[in-house]
Amino acid sequence: MKVGLFIPCYVDAFFPEVGIATLELLEKLGIEVVYPLNQTCCGQPMANAGSQKDAAGVEALFVKNFCDFEFIVTPSGSCAHHVREHLNAIPDTPEVQKVRRHTYELVEFLHDIVKAGEFPWAEFPHKVGLHNTCTTLRKLRTAKASEIDEPFFSKPLDLLRKVRGVQFVEPSRPDECCGFGGTFSVFEEPVSAKMGYDKVQDHHRAGAEYIVSADMSCLMHQKGCAERLGLDIRFIHIAQILNGSRA
Amino acid sequence: MRPINHAEASSHFIEAKEHLEFHDRRLWDLRLKRDRQAHGIPEWEELRNLASTIKEHTLSHLADYLEQFETQAKTNGAHVHWARDASEHNEIVYGILSGRSAKTLVKSKSMLTEECDMRPYLETRGIKIIETDLGERIQQLDAEPPSHIVVPAVHKLRDDVSEVFTRTIEAQPGNNDPHYLAEVMRRNTRPYFLNAEAGMTGANFAIAETGSFVVCTNEGNADLSANVPKLHIACIGIEKIIPKFEHLAVFIRMLSRSALGSPITQYTSHFRAPRPGTELHIVLVDNGRSQRLGMKDFWYSLKCIRCGACMNTCPVYRRSGGLSYGATYSGPIGIIIDPAFDIRKYSNLPYASTLNGSCTNVCPVKINIHEQIYKWRQIMVERNQLPLVKKEAIRIIGKVMSEPQLYRAAISATGLAIEHLPRFAIYNWLNPWGKQREVPDVPKQSFRSWYLENRTR
Amino acid sequence: MTSRDTILAAVRANQPTPTPGIPTIPLFERPPPRSLLDDFRDALVSMGGKFVPSLDGKPLDSLLKSLFPDGQVVCSATPEARGTRVIDRSTEPAALADVDVGVVRAAFGVAETGSVWLSEEELTTNALAYLAQHLLVLLDPEQIVGNLHQAYHDPRFKTARYAVLVTGPSATADIEGVLVHGAQGVRSLTVAMVPLPAVSC
């Protein structure tokens, strides 16, 4: 199996270890991973701000880089969702439709496509709070959302349960938004910061040593809040735990 | 006029720590109560589908159902008036009142009358209006609009209410016991119920089959307003129509469960015809609804049954308060309705959202709220409603991201800047991110450099 | 063109593509885990109402005295109770302002919510249910339906001028979320399970 790896801009710039962990993990599972060198961004920041015009160039570049892959995988729920549902600043050609259909967020990919059974190299003996991001939860539906009346399910939990040593703690508001929201974090800074503070303090009170998530963007915001608060709590992407990071 | 600045209003709201903490906790509690009720009914999601289907069907045949409603209501002995907009609504109401020399009006909660700005219009023409819903009355006495459509004074603490009542209706200063304050209100309002010449209600639902309309309250104030005076005026938005009585069950089962987490309101009142010797006037109001009906991406917002569940679940609403939206309708539903009234005034509202989607999940009539918020942002850009700074920032990012070389240069530059600039140069008024958060650390190399070194030859 | 015509024309022009008809709404009847009466009682009590399971063979007036020892002005809209204040179809609402206890017989109850159904038939003067300080409602336990779907099939909704589903006493939590009974309407609501009197020929 061969996948095209898409690494979001902020992971490329600030959290390369997440990209590295994603790549190494996929390779450990016997998958050939290709990283198109001319990738940049999926277009989400511009599209979420409402500007289709400014997103068009970026989206076209994304399609150009990834149109030859049967599987496009990214360690970012929000990017995967954008590509699948919102890549409409450009005409919806068969090429674009193919890219949209074949784009997966990492957890969905591991759970639904690879059906990864075990991670024998992984061990993470820490108390962990799972942050299901709003995109993976309510749009990609990788876990049950608390508002909906349906049986419980959680793809990230299914994967993390296969890792030795992980102890889960749950905050009082497990799926309340953390307040990142992309440009919201800058244009509505007061509420964004308050939401981030509330989120990290909630996990901290529950005893979490680490907050783990499938989206580094949310974690970047939460980390910024926790550091400013001086809170003793660390942040890690699910790819890193599954890949065998010990801390 | 300047657009409403939600972010600025929210920063003031957040500064009042005790108020913020109560507001957030109280509304989250209503959300949890809602969950308990919803999860206690195995057919909850089926009810949501039915409610949405009923509303979509009705709205797509609205003219016929409106005509049916009018015919039935008139047969029942009610007068039916039609108001194209807010001013016509106010004129009609004034015409009815002055025609009968009515000088005092007791009214129950109606967002529609807020939307039409009815009170000042009538007051300047010599009509005394008494809001009888406790939350609405608190706000009326404090000369402040309601902040939440179901719990209008949720942003106030008991001390605030005590202060208002001491100032306006002779409550004992310093007595902030909610039971005492509610009793003061009860005694103050009762004479108005008994002596008012006219009573006004809104309506939660209007039934085409029978010409009836339904009002749901917990206090019984709508029933008093309607059943004591000899004149009852009901103001109803045209989108409130549903076809038949049997459809009502679906909505009544979900309304209070969604709003307050109780199976039903204490009073669910069905009005079909006037009491003998009295008059019933129904005012059907358009005020932009027919226009919204024609908006391909936004007409679903007309399904709204005004439960407020979206506000209770919205993490932004809970931390900024309804007044920060500057409109009768606030929170998620407000964001998708208000720009249709005034696109410039409310141009910022679609950005007062993280697009987290919780609102859509709790909406009993399955309005795709967060998707409409996303679409409104596109309209704002198309209609050039974005402030210049925002517009430019997005344009520049779009340009940088669409060219690999520019992108790579920007990443290096940002990295260098963060690594080498002194703290004061990074954390200042130019950098909103850094006001209450640390910026990320800069790694030794980007992912791309690592990949080039470790996976390519 | 009148406003009516303008509005209807605008609505017709803007109506979205008609969606298909509405399916029949199921009754969502479920065999209750316990009896309808138990469900009704639990729902009523959770909404702040009081439940009297039976008269225990005693006359209604003695229940009234035991529930409302201080009740000075008792106004009954049902012939089953003797009040101190007469009410008939000519009674003006405001004349009921000093009533301490109102007594009515509900047409039916709803187990799902603990509600009782009243109309001008049962109330004589509608305002009785709101101006009285307390309300005692008689309900025949055989007249309890399971849920609101069943309730809304009752034909009396289509003939009553005014019909209300009353659930517990008047309430508000508008001040700091603190629950208060007796907001504007009755301070207490008691439902007494009293079978309909036998009809004498």
Side-chain angles (χ1 to χ4, degrees), chain B residues 22 26 43 50 53-54 56-57 59-63 66 82-84 88 132 134-135 151 153 157-158 161 178-179 181-182 186 189 194 210 218-221 223-224 227-228 238 243 245-250 252-253 262-264 266-273 275 286 290-291 293-294 299, chain C residues 2-4 6-8 10-23 25 28 43 47 89 93-94 97 112-113 115 120 126-127 129-131 147-149 151-153 157-158 160-178 180 182-186:
Chain B
F22 169 73
R26 166 73 172 142
E43 61 265 21
L50 282 169
T53 303
I54 293 167
E56 287 182 11
H57 167 87
L59 289 167
S60 64
H61 298 83
L62 187 59
L66 280 168
W82 299 74
R84 279 166 301 179
E88 194 171 8
T132 61
L134 177 54
V151 281
L157 296 175
R158 63 188 73 185
V161 179
H179 293 269
L181 293 166
R186 180 191 173 90
T189 317
L194 295 171
T210 54
N218 287 304
E219 297 184 49
N221 56 314
D223 303 274
L224 281 161
N227 283 306
V228 182
I238 56 175
F245 247 100
E246 72 190 67
H247 300 140
L248 195 52
V250 174
I252 300 296
R253 290 186 82 198
S262 76
I264 195 173
Q266 316 286 120
Y267 298 98
T268 307
S269 311
H270 313 75
F271 297 90
R272 193 185 59 82
R275 306 182 324 269
D286 182 348
S290 60
Q291 190 202 19
L293 195 56
W299 70 270
Chain C
T2 61
S3 297
R4 175 189 187 279
T6 309
I7 293 170
L8 286 172
V11 170
R12 280 219 158 80
N14 289 340
Q15 275 167 186
T17 314
T19 64
I22 301 167
I25 312 295
F28 293 113
M47 293 293 283
R89 289 194 199 287
E112 174 190 357
T113 52
S115 311
E120 66 268 14
N126 297 342
Y130 305 98
L131 287 174
N147 66 23
L148 285 169
H149 296 286
Y152 276 112
H153 279 284
F157 272 113
K158 298 186 183 171
R161 290 171 184 261
Y162 170 77
V164 58
L165 285 164
V166 175
T167 317
S170 158
T172 181
D174 269 336
I175 301 176
E176 249 193 59
V178 172
V180 175
Q184 302 285 11
V186 298

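Lettering follows sequence order; numbering is per chain, from 1.
One distance of note links CG of B:Asn227 with OH of C:Tyr130; it measures 6.5 Å at 0.5 Å rounding. Distance OG1/C:Thr167 to OH/B:Tyr267: 9.0 Å, rounded to 0.5 Å. A distance of 9.0 Å separates CG in B:Asn218 from CG in C:Asp174, rounded to the nearest 0.5 Å. Atom-to-atom distance recorded for B:Glu43:CD and C:Asn147:CG is 7.5 Å, nearest 0.5 angstrom. One finds the CD1 atom of C:Ile175 at 9.5 Å from the NE2 atom of B:His179 (value rounded to the nearest 0.5 Å).
For B:Phe22, the part lying near chain C is the side chain, with the backbone staying farther off; criterion is any non-hydrogen pair under 4.5 Å. Interface remark: B:Leu59 contributes backbone atoms only to the contact with chain C (heavy atom separation under 4.5 Å). For B:Val161, the part lying near chain C is the side chain, with the backbone staying farther off; criterion is any non-hydrogen pair under 4.5 Å. Looking at C:Val166, the atoms closer than 4.5 Å to chain B (heavy atoms on both sides) sit in the backbone and in the side chain alike. Within the 4.5 angstrom heavy-atom criterion, no atom of C:Thr2 approaches chain B. Using a 4.5 Å cut-off between heavy atoms, B:Leu50 contacts chain C through its side chain alone, with no backbone atom that close. Interface remark: C:His153 contributes side-chain atoms only to the contact with chain B (heavy atom separation under 4.5 Å).
Residues B:Ile252 and C:Tyr152 are in side-chain contact: their nearest non-hydrogen atoms beyond the backbone lie under 4.5 Å apart. The shortest distance between side-chain heavy atoms of B:Pro243 and C:Ile22 falls below 4.5 Å. Contact of the C:His149 side chain with the B:Val250 side chain is registered, since non-hydrogen atoms from C-beta on lie closer than 4.5 Å. Under the 4.5 Å side-chain criterion, counting only non-hydrogen atoms from C-beta, C:Leu8 is in contact with B:Trp82. For the pair B:Ser60 and C:Thr17, the minimum side-chain heavy-atom distance is 4.5 Å or more. In this structure, C:Val180 and B:Leu134 have side chains that are not in contact, with every pair of non-hydrogen atoms separated by 4.5 Å or more.
Of all heavy-atom pairs between B:Pro263 and C:Met47, the closest is CD-SD, 3.8 Å. For the pair B:Arg84 and C:Ser3, the tightest heavy-atom approach, listed with the atom from each and the gap, is NE-OG, 3.3 Å. Residues B:Arg272 and C:Ala160 come closest through the heavy atom pair NE-O, 2.9 Å.
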- Message: Let's go through B:Ile264 and C:Ser115 carefully: what are the C-alpha distance in whole Å and the side-chain angles of both, what is the deciding distance for side chain to side chain contact (heavy atoms under 4.5 Å, CB included) to 0.1 Å, and is it a yes or a no?
- Response: CA-CA 9 Å; B:Ile264 195 173; C:Ser115 311; 3.9 Å; yes
- Test side chain to side chain contact (heavy atoms under 4.5 Å, CB included) on B:Asp286 and C:Thr6 and set out the steps. CA-CA 10 Å; B:Asp286 182 348; C:Thr6 309; over 6 Å; no
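Not one N or O on the side chain of C:Gln184 forms a donor-acceptor pair closer than 3.5 Å with the backbone of B:Glu219. In this structure, the side chain of B:His270 engages the main chain of C:Ala163 through a donor-acceptor pair within 3.5 Å. With hydrogens and angles ignored, the 3.5 Å screen pairs no side-chain donor or acceptor of B:Arg253 with any backbone N or O of C:Leu148. A donor-acceptor pair is defined here as one N or O able to donate and one able to accept, closer than 3.5 Å; no such pair exists between the side chain of C:Glu120 and the backbone of B:Arg275. A side-chain donor-acceptor contact under 3.5 Å links C:Asn14 to the backbone of B:Ser290.
Residues satisfying the side-chain contact (heavy atoms from CB on, under 4.5 Å) test with C:Ala173, not counting sequence neighbours, are B:Arg26.
Under a cut-off of 6.0 angstrom, the local environment of CD in B:Gln291 is sparse, with at most 12 non-hydrogen atoms contributed by other residues, nucleotides or ligands.
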